Amino acid sequence: MKPNICTIPITDLFSETDGCPICRMHRMLEEQYVEYITGAAMMAPDVRIITNKTGFCHRHFSMMVNNGPRLSNALLLQTHIDEQRKLVFPKKPDEPASKQNIAAIAELGKTCYVCDRIDHDVLHLLRTVYTQFAQDPEFRRQFAKQDYICLNHYSLIMTASQGNKKAMDKRKWSEFYEAVNTLSKKYMDTLYDDVTHFTTMYDYRNQGGDYKNSKDSIERAINFLTSYPVDPNLK
Ligand SMILES: [Zn+2]
Ligand SMILES: [Zn+2]
């Protein structure tokens, strides 16, 4: 049984205001798919056919290994390695692989079953966000109260809105764009000011001065720009 994205409550997601709401949506889907892939999906041969082909990105392999049963991970890897081995390597060991096969290896580095599912589901859930925004004044208030919309999700929300024009009338779309622009711009301005303030604290004339909100501005800026918090394990 695949995680059911309909059970992801959009209004609950937006009732929180910590960080970017689409990052929260992404994280929720990510946790569900990682649990699914090393759990219930082990009984779904059709899913394995796809994962043998696409594999996983480093982030999702790491989450699967850190959260899922080791046997599930080993079984997934066993058939994935086997398929890739058959697909890419030439029969004669003293010949290089064909251009096509080398391209297939490069392509494998760009595909991930979990990322693909999340991308698909986020687009589906965004349609609900647009509809909810059009219909529910309380949701519009919650939307405006968000901390920010991160840069990647700003672009995603704007791009996806083009394919969902029917979700609301022109006036509501203007209201929506203004709300999104305000959230992203306001936070970006704050980040700029905080990072700038942080740099001025290294001026000897400001010694002993007040850092204000700038101490974690580097971490917050990276989170805003990349959609992920700084990973303390990467050294
Ligand atoms: Zn985001
Ligand atoms: Zn991934």
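Note that the coordinates shown come from a computational prediction; the quantities given were computed from them, not determined experimentally. For ligands, and for the atoms within them, numbers begin at 1 and follow the listed sequence.
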Asks: Are the side chains of Glu30 and Met25 in touch, meaning some heavy atoms are under 4.5 Å apart?
Replies: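 With C-beta onward as the side chain, the pair stays apart.
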Asks: Anything under 30° is parallel, anything over 60° is perpendicular, the rest tilted; go ahead and classify Phe143 against Phe176.
Replies: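 The rings of Phe143 and Phe176 sit tilted, inter-plane angle from 30° to 60°.
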Asks: Under 2.8 Å from the Zn ion (ligand 1), which protein N, O or S atoms are there? Could you list them by chain and number?
Replies: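 Under 2.8 Å from the Zn ion (ligand 1) - ignoring waters, which are not counted - the protein N, O or S atoms are Cys20 SG, Cys23 SG, Cys150 SG, His153 ND1.
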Asks: Could you list the cluster mates of Leu108? Members are the ILVMFWY residues connected by side-chain heavy atoms closer than 4.5 Å, either directly or through other members.
Replies: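 Leu108 shares its hydrophobic cluster with no other residue.
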Asks: Under a single-linkage rule joining Ile, Leu, Val, Met, Phe, Trp and Tyr whose side-chain heavy atoms are separated by less than 4.5 Å, which residues share a cluster with Phe224?
Replies: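 Other cluster members: Tyr148, Leu151, Tyr187, Met188, Leu191, Leu225.
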Asks: Quick check: do Tyr33 and Asp121 have side-chain heavy atoms less than 4.5 Å from each other?
Replies: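 A side-chain contact exists here, since the closest heavy-atom pair is under 4.5 Å.
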Asks: Work out how many protein N, O or S atoms lie closer to the Zn ion (ligand 2) than 2.8 Å.
Replies: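 Under the 2.8 Å cut-off, the count stands at 4.
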Asks: Report yes or no: does Asp194 contribute a side-chain atom to a donor-acceptor pair with the main-chain N or O of Ser217 at less than 3.5 Å?
Replies: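 Pair absent, no side-chain N/O of Asp194 close to backbone of Ser217.
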Asks: Using a 3.5 Å distance criterion without hydrogens, assess whether the side chain of Asp82 forms a donor-acceptor pair with backbone atoms of Gln78.
Replies: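 Not at all, since once roles are kept as given, no pair shorter than 3.5 Å links the two residues.
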Asks: Can you tell me how far the OH atom of Tyr113 sits from the OG1 atom of Thr51, to the nearest 0.5 Å?
Replies: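 It is 8.0 Å, given to the nearest 0.5 Å.
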Asks: Take the angle between the ring planes of Tyr228 and His26 and call it parallel below 30°, perpendicular above 60°, tilted in between.
Replies: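 Rings of Tyr228 and His26: perpendicular, as their planes differ by over 60°.
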